[in-house]
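Everything on this sheet refers to the single structure shown next.
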Amino acid sequence: MFEPVIGIEVHAQLKTESKLFCSCSTRFDAAPNSNTCPICLGFPGALPVLNKKALLYGIKTGLALNCEIAEVSGFDRKNYFYPDLSKNYQITQDASPVGVCGYIDVALDGEVRRIRIKRVHLEEDAGKSIHEGGDITGASFSLEDYNRAGVPLLEIVSEPDIRSPKEAYEYLSMLRRILLYLGVSDCKMEEGSLRCDVNISIRAKGSDTFGTLVELKNLNSFRAVERSLEYEVERQSQVVASGEEVIRETRHWDEASQATVSMRRKGRAEDYRYFPEPDLPLLSIGRTWVDEIRATLPELPAARRMRFTEEYGLPEYDASLLTDTQELADYFEAVVREYGQAKIVSNWVMGELSRLMNATGIGIESVKVAPGDLAAMLKMMDKGTISGKIAKTVFEEMFREGKSPETIVKEKGLVQITDEEELAGIVDRVIDENQKVADEVRAGKDKAIGFLVGQVMKMTKGRANPQMVNKLLRQRLTN
Amino acid sequence: MRITKEDVGRISVLAKLELTEDDQSLFAEELSGILRIIDALDEVDTGSANEMVSPAGLTNVLREDVALSSIDPEEALKNAPEREGAFFKVPRILEAD
Amino acid sequence: MKLNELRAHELLPMIERQEVTVEEAVTETLDRIAAIDGIIKAYITVTGERALQRAKEADARLRKGEPPRPLEGLSVAIKDNICTKGVRTTGASRYLEDFIPPYDATVVERLEDAGAIVVGKTNMDEFAMGSSTENSAMFPTKNPWNLKRVPGGSSGGSAACVIAEEAVFSLGSDTGGSIRQPASFCGIVGLKPSYGLVSRYGLIGYASSMDQIGPMARDVKDCALILQAIAGYDQRDSQSYPNELPDYTGCLIPDIRNITVGVPKEFLDEGLSKTVKDAFMKALEKLEELGAKVVEVSLPHVRHALAAYYVISSAEASSNLARLDGVRYGYRAAGCEDSASMMAVSRGEGLGPEVKRRIVLGTYVLSEENHKKYFNEALKVRSLISQDFQEVFEMCDCLMGPTSPTVAFEAGEKTRNPLEMYLSDVYTVPPNLAGIPGISVPCGFDEEGMPIGLQIMAGQYDEATLLRVAYAFEQATDFHKGRPDTQKGAHESAGGGRSV
């Protein structure tokens, strides 16, 4: 029996206005080479100056990932030639990353697994090569756009602690959730603001040796990570089972065939000739500064989920879904503050609200229903002003128009009819018009009463108080 | 320490610097001479000495995160040996690069 | 006397009083270039038209009654590794032969803001790697004192044009002696400021942790004047010194009675030529005469400075020059089918032998198997050298030694042996490693009339003391008044460097 040993490197683009070492904009969709300057183009004589916010975000993330924050951190040059690398060295952190020795707890199948984080470091992104015909292998030339060159990235490297493709998926989801909670990255894989490289080896279960590493590339979604790992576990297991050896190489995930394809053999490791970046002074990260940053950390997803179960008595499932994003959790809590009964709010948020959001493709941040309005609507239900059934109609209208429930109920005349005299009149009319069914009820066929209730509701367009209608019908048709 | 012609050849690949066979031989010889001086660094008792990267001795030189206008793309591109539209153009990139 | 023969502090008051126009002053400098640079070859590019245009603008401003700026109307030559917006900046390399920077170096901005007028870009060793300006990919520059000799390097053009009166002053850059050694060879004053005092923004990087731009001028007062204009914090250079600076001209008091001068015995070793040593000893006597206290000191690790310097500077250079790849600017070899070979062939064809040699050396010392042995060790030795300096500066106000072991050597004398060329930097390299300032001032002539330079060093950011001692020595001697006889040459050729 084999077990996979998986490590993940994530590159998250930091959500800053300007690049890591120059004042060019980080805007995603600018015209080619329009967000460039002598610094990010690597012109002779240009020098880097570090973006304060990027450093702050690095420290913040390090803290959120339970890292030790370096007291002295600094930048190094990683030397290699590539057309999209404008200086032919990347300014990165090799010897003294901003954070080390952290971890993320991942809940999987009711069990909590701790995945250690090896390091968190800042570095600059490279530019983008656009290959003739869209494919590097067939192209006779490539076009370079340096808009992305110098955009700040945070590289987050896990220890090889991940033991299944599913766990890899959960690790990434939790990491992404944390980064979003911190507000340090947009984490949009489709725009490249979150990228991951995965390495995987397999070994006999229980063994403490490591097998030959295979690196996986072109992973454009967390699902792709999971599937490619499933594929690799299977492939490598077969290779080993057949008595052969896994080859150290980089493999490409091919979404169309749902398979990994060999890209290149890893020969000698590249010699990057790292050395301390002489153009940038060291960073001395004072403990008071770290404490100040720590104090600005938001409540993180795991803590918030736990609080939701404890404080609101919510089931684990509800708590986990509600804390998926900070915005959803904030929304939920805002409604609870006004209304009080957490489980009912949870049902509405995860039920009707989520259903409408999915149906319309709207995110929680653009939902028009103010939390106070949802709370008000729930209170109207409790008071019997509207029925549960009408509430759904009212809520749909609130979702579409953003109006308050009171307005909608008034405009559409949806107030529940609770006046006994008025209802008695309607009930009598229904009995009159449905003598045959009324007789069946009188004869003891209790189920038939439902039809008569339905007729009353129809006649009142759902506004009749169903309990009262029931009571009135029974008074008239049974002893 | 002696540098061989093969060392120079290997280094020139790392440094993306095409050298003729003659240059490789000449550099091997010259650099071996220079290394004889440099090897004297070995004699120094550096014990617990710090590695001095920069004489400035500054820390935490930071810039506020403000995006300013970049240079005109034409300015960025006007020195390009080859361009296509607003892109810098390069010959094909081999994956092994 | 012609206007181009005047020193900055002599010409400035004349311009201020509007006795002469900026245009007249600049024209005379340009005439001088036209007359003599065909022989001296100090300039790679002469920006005559641009300079005259700026001169007219300056005159118009002065006529309107605007107050004159600190360097109003002074013709300055800029070393060609310092970027000038719209004016090609080659680094004396084929690689950047047609490179036109879209930006000005901070020093150029500051000089122009102070009213100085750029008359051209000067020749140098390719990317500042060399000590004779013979490594220029364009042409060698001659020493105006003797056309068979080199002007020193790498800022050879910047030194030659000042003593040949083809500019009032110039800027050079100094990574291991490239301002001080040519200043010494050409009989002018050259100041390498403390690391970080002058912004490096726009200086084509050679060894980032040692590069400094500094003034080259005909006397100490001019140097102080120029330093005042270019020094000071620049947020575009992260290593820039952030503190307030003193008034450099204000500190020029010719009184050094309370000054202790240290003479490191390591600077008087066997490699030193007798004429240079004699001139240096006489200089010491003069200082004692002026009331300074001269003491012998020791910098025990300084004998390893050259080794540490070549390791660190080559390592940094190999990385800094990696950006020359034929993609965004500069030379691109024709006919290469893929990017990797395009880069390698372009670099192979476009870079000169000394640059390649240092890229290979730098790559070698940074490569995995040698990194610790050479690079890390050199950084440690560097800190020991720096400590040596710190310790002696507790006892003395400044240090003195010869700038170079010899006077200017013959052209071609050392080009075949790079190692011998490297050894001519032996006294100038230590201040770069430690980041302290150094100045070379004329202190004599040898029997053939070649100038000899005295190097003064001071503690980090203590340019005030440095300038004060240099000024006191200069004022008590006449060496800085020497002028080479270039009349003969002027008749032989007309026309200067290439114009833009």
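So that the names make sense, note that chain A is the first sequence line, chain B the second, and so on, each numbered from 1.
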Counting only non-hydrogen atoms closer than 4.5 Å, does [X] touch chain B with its backbone (N, CA, C, O), its side chain (CB onward), both, or neither?
X: C:Q239; value: both
X: C:L351; value: side chain
X: C:I100; value: both
X: C:Q460; value: side chain
X: C:Y422; value: side chain
X: C:A322; value: neither
X: C:M342; value: side chain
X: C:Y461; value: side chain

Pick whichever of [options] has the most heavy-atom pairs under 4.5 Å with chain C.
options: B:G33, B:G57, B:A40; result: B:A40
options: B:I38, B:L41, B:L62; result: B:L41
options: B:L14, B:L77, B:L58, B:L26; result: B:L58
options: B:D23, B:I34, B:V13; result: B:I34
options: B:L19, B:I71, B:V53, B:D45; result: B:V53

- Message: Strictly below 4.0 Å, N to O, side chains only: are C:R332 and C:E349 in salt-bridge contact?
- Response: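 No.
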- May I ask you to say whether C:K373 pairs ionically with B:D39, meaning some side-chain N is under 4.0 Å from a carboxylate O?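 Result for this pair is yes, salt bridge flagged.
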Kindly compute the distance separating [atom1] ([X]) from [atom2] ([Y]), expressed to the nearest 0.5 Å.
X: C:F99; Y: C:Y329; atom1: CZ; atom2: OH; result: 6.5 Å
X: C:D234; Y: C:S240; atom1: CG; atom2: OG; result: 5.5 Å
X: C:I436; Y: C:S386; atom1: CD1; atom2: OG; result: 8.5 Å

- Message: If we ignore hydrogens and angles and just use 3.5 Å, is the side chain of C:Y206 paired with the main-chain N or O of C:S314 as donor and acceptor?
- Response: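 Not a single qualifying donor-acceptor pair exists.
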- Item | Result of checking C:D211, C:D425, C:T175, C:D174 against C:N432 for side-chain hydrogen bond (donor to acceptor under 3.5 Å, both in side chains) |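 With C:N432 as partner, side-chain hydrogen bond (donor to acceptor under 3.5 Å, both in side chains) holds for just one option, C:D174.
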Top residue by heavy-atom pair count (under 4.5 Å) with chain B, among [options]?
options: C:R303, C:M343, C:E316, C:K356; value: C:K356
options: C:Q387, C:R357, C:M210; value: C:R357
options: C:S383, C:G435, C:G348, C:S209; value: C:S383
options: C:A307, C:A378, C:A434; value: C:A307

- Checking side chain to side chain contact (heavy atoms under 4.5 Å, CB included) for the pair C:R200/C:S208: CA distance, chi angles, key distance, verdict? CA-CA 9 Å; C:R200 294 175 297 127; C:S208 309; 3.6 Å; yes
- Query: With a 4.5 Å limit on heavy-atom distance, are the side chains of C:Q235 and C:T106 in contact?
  - Reply: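 The answer is no; the side chains never approach within 4.5 Å.
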- Tell me whether the centres of the aromatic rings in C:Y103 and C:Y201 are closer together than 6.0 Å.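 Centroid separation for C:Y103 and C:Y201: below 6.0 Å.
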Atom group of [X] that falls short of 4.5 Å from chain C, counting heavy atoms:
X: B:S12; value: neither
X: B:K78; value: side chain
X: B:E75; value: both

- Message: As a quick check of understanding, evaluate side chain to side chain contact (heavy atoms under 4.5 Å, CB included) for C:T363 and C:V360, giving each step before the final call.
- Response: CA-CA 5 Å; C:T363 308; C:V360 171; 5.9 Å; no
- Message: Minimum heavy-atom separation for C:K85 and C:D104, please, with both atom names.
- Response: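 Closest approach of C:K85 to C:D104: N-OD1, 2.7 Å.
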